[in-house]
Amino acid sequence: MCGIVGLFLKDKSLEPELGALLSSMLVTMTDRGPDSAGIAIYGDASGNNAKITIQSANPKKDFAGLEAELGQTVGAPVAIQVKSTHAVITLAKDLLDTGKAAVAELRPNVRIMSSGDAIEIYKETGLPKDVVSRFAVNSMAGTHGIGHTRMATESAVTTLGAHPFSTGSDQCLVHNGSLSNHNNLRRELKREGMTFETENDTEVAAAYLTAEMAKGKNLGQALEGAVNDLDGFFTFVVGTKSGFGVVRDAIACKPAVMAETDQYVAFGSEYRALVNLPGIENARVWEPEPATVYFWDHQKVA
């Protein structure tokens, strides 16, 4: 019984409020999952820089001197902003893969939470209110984001087991439910070159979408494939650099509600996650249909 929220902004004037709105939505879902919580924020993807979000169990030791060491290793300036147990590394886009390899070499105990032009992921064990406060999510701006509060069923309560899961550049996924064929699918994806850090079934779902999109599919097409290829009960909310998608399995026993106005599209496991959004009283509110893909993309929103 996990809690999921998502917010896709159509109105640019709301972008400074994304973190605050999404945090409020997530905290409302606390009783659906007290084990751990996480949030993905998609910010401005313009310019020539990319970002790597990292996490450490010993940030004081691991983050000390990393900026200088990393810059020397990649041969170009980098900037690091520390946020509690996480840090955001900013570097040139063409150095993203080099930077990730350098982080793994210089700090083998550090974990990469996300990477890409726009995405930042923050997740830890604990209640949503503590997680969003720890990383000052309320003050973050962006175009869209997703969040999750977890009640562990498929794996241990750890930071790495928390959602969102990111297995590709500017991609992430949150999940309510459980997959029954994730072990077989994990083996198939490993043969295709995907790597995994946990035994969590949600990481397999994220990797499946990454692998499908690497074949040329967009997010909507990859989600359509998930309905046929993934067994079990699931509601997914997924983010890409410019897109936001939702899909439920064919039985759709996991709760979900959506709302849309001229300003935004919002998702919540329950309607109470949406009640404080601006203009919600005038929104079109509906329950997403089983085995039906809902997909929005900023590149297609006027």
Side-chain angles (χ1 to χ4, degrees), residues 1-6 8 29 32-33 35-36 38 40 114 119 121 123 146-156 160-240 243-258 267-269 287-297:
M1 193 181 75
C2 299
I4 301 175
V5 297
F8 176 93
M29 293 288 95
R32 294 192 63 85
D35 299 332
S36 57
S114 63
I119 191 173
I121 287 180
K123 60 183 186 178
I146 62 179
H148 185 274
T149 185
R150 183 180 183 224
M151 182 176 288
T153 57
E154 292 294 327
S155 59
L160 284 180
H163 304 206
F165 279 92
S166 180
T167 55
S169 181
D170 282 314
Q171 297 174 21
C172 70
L173 176 146
V174 293
H175 170 206
N176 182 20
S178 60
L179 303 179
S180 57
N181 66 333
H182 63 97
N183 286 323
N184 287 337
L185 189 54
R186 184 185 287 108
R187 285 191 287 268
E188 293 176 14
L189 290 168
K190 283 183 176 179
R191 286 194 290 269
E192 294 179 18
M194 298 297 297
T195 59
F196 296 87
E197 291 193 290
T198 74
E199 295 300 313
N200 193 293
D201 59 337
T202 306
E203 187 179 16
V204 175
Y208 168 86
L209 295 178
T210 298
E212 292 299 293
M213 293 174 72
K215 299 172 185 175
K217 296 182 180 180
N218 63 27
L219 174 57
Q221 292 167 334
L223 288 172
E224 288 173 358
V227 173
N228 296 319
D229 294 339
L230 302 182
D231 295 333
F233 304 114
F234 57 84
T235 295
F236 295 145
V237 179
V238 186
T240 66
F244 171 87
V246 173
V247 70
R248 304 169 81 191
D249 65 82
I251 298 175
C253 65
K254 298 299 180 181
V257 62
M258 301 198 70
F267 176 95
S269 292
E287 180 181 348
E289 294 291 332
T292 302
V293 173
Y294 299 85
F295 178 50
W296 292 264
D297 194 304

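All figures in this text were calculated on a predicted structure; none of them were measured in a lab.
- For the side chain to side chain donor-acceptor pair (under 3.5 Å) test, residues two or more places apart in sequence or in another chain that qualify with T167 are T210.
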Quiz item: Step by step, would you call F267 with F244 a side-chain contact (heavy atoms from CB on, under 4.5 Å)?
Solution: CA-CA 10 Å; F267 176 95; F244 171 87; 4.2 Å; yes

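- The side chain to side chain donor-acceptor pair (under 3.5 Å) check on E197 picks up R111, with sequence neighbours excluded.
- When all heavy atoms of P164 and C172 are compared, the pair lying nearest together is CB-CB, 4.0 Å.
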Practice problem: Kindly determine whether I146 and I4 satisfy side-chain contact (heavy atoms from CB on, under 4.5 Å), including the steps that lead there. | Solution: CA-CA 8 Å; I146 62 179; I4 301 175; 5.9 Å; no

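- For the residue pair Q171 and T240, no side-chain donor N or O sits within less than 3.5 Å of a side-chain acceptor on the partner.
- Partners of E287 under the side chain to side chain contact (heavy atoms under 4.5 Å, CB included) rule, at least two apart in sequence or in another chain, are R248.
- The minimum heavy-atom distance linking A211 with E192 is given by the pair CB-OE1, 3.9 Å.
- Contacts of H163 classified as ring-ring contact (aromatic ring centres under 6.0 Å, His included), with partners at least two apart in sequence or in another chain: H148, F165.
- Note that CE of M194 and OH of Y208 are 12.5 Å apart. Values are rounded to the nearest 0.5 Å.
- The shortest non-hydrogen separation linking V293 to V247 is CG2-CG2, 3.9 Å.
- Formation of a donor-acceptor pair under 3.5 Å by the Y294 side chain with backbone atoms of G220 is not found in this model.
- Considering every non-hydrogen atom in both G161 and T198, the closest pair reads N-CG2, 4.5 Å.
- Residues passing the ring-ring contact (aromatic ring centres under 6.0 Å, His included) test with F234 are F236, sequence neighbours excluded.
- Every side chain to side chain contact (heavy atoms under 4.5 Å, CB included) that N183 has, sequence neighbours left out, goes to R186, R187.
- In this structure, the separation between CD on E199 and NE2 on H182 is 8.5 Å, given to the nearest 0.5 Å.
- For residues 223-234, no pair satisfies salt bridge (charged side-chain N to carboxylate O under 4.0 Å, His left out), with sequence neighbours left out.
- Contacts of A214 classified as side chain to side chain contact (heavy atoms under 4.5 Å, CB included), with partners at least two apart in sequence or in another chain: none.
- With sequence neighbours left out, the side chain to side chain contact (heavy atoms under 4.5 Å, CB included) criterion links V257 to Y271, L274, V285.
- The shortest distance between side-chain heavy atoms of L230 and D249 does not fall below 4.5 Å.
- In this structure, OG1 in T202 is found 7.0 Å from CZ in R150, a value given to the nearest 0.5 Å.
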Quiz prompt | Derivation and outcome, side-chain contact (heavy atoms from CB on, under 4.5 Å), residues V237 and M258 | solution = CA-CA 11 Å; V237 179; M258 301 198 70; over 6 Å; no

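- For the residue pair G177 and D201, the shortest heavy atom distance occurs at O-OD2, 4.2 Å.
- Residues satisfying the salt bridge (Lys or Arg N to Asp or Glu O under 4.0 Å) criterion with E188, sequence neighbours excluded, are absent altogether.
- The two residues S36 and A162 come nearest to each other via the heavy atoms OG-CB, 3.5 Å.
- When atom types are taken as modelled, the side chain of D170 and the backbone of I119 share a donor-acceptor pair closer than 3.5 angstrom.
- For residues 213-222, the pairs satisfying side chain to side chain donor-acceptor pair (under 3.5 Å) are E212-K215, E212-K217, with sequence neighbours left out.
- Looking at heavy atoms from C-beta onward, T195 lies out of side-chain contact with K190 at the 4.5 angstrom threshold.
- Put simply, the side chain of P290 does not reach to within 4.5 Å of the side chain of I251, judged on heavy atoms.
- Annotation: side chain of V238 is in contact with side chain of L209 (closest heavy-atom distance under 4.5 Å).
- In this structure T149 satisfies the side chain to side chain donor-acceptor pair (under 3.5 Å) test with no other residue, sequence neighbours excluded.
- To the nearest 0.5 angstrom, K123 atom NZ is 6.5 Å from L160 atom CG.
- A distance of 10.0 Å separates OG of S169 from CE of M213, quoted to the nearest 0.5 Å.
- One distance of note links CG of N176 with SG of C2; it measures 5.0 Å at 0.5 Å rounding.
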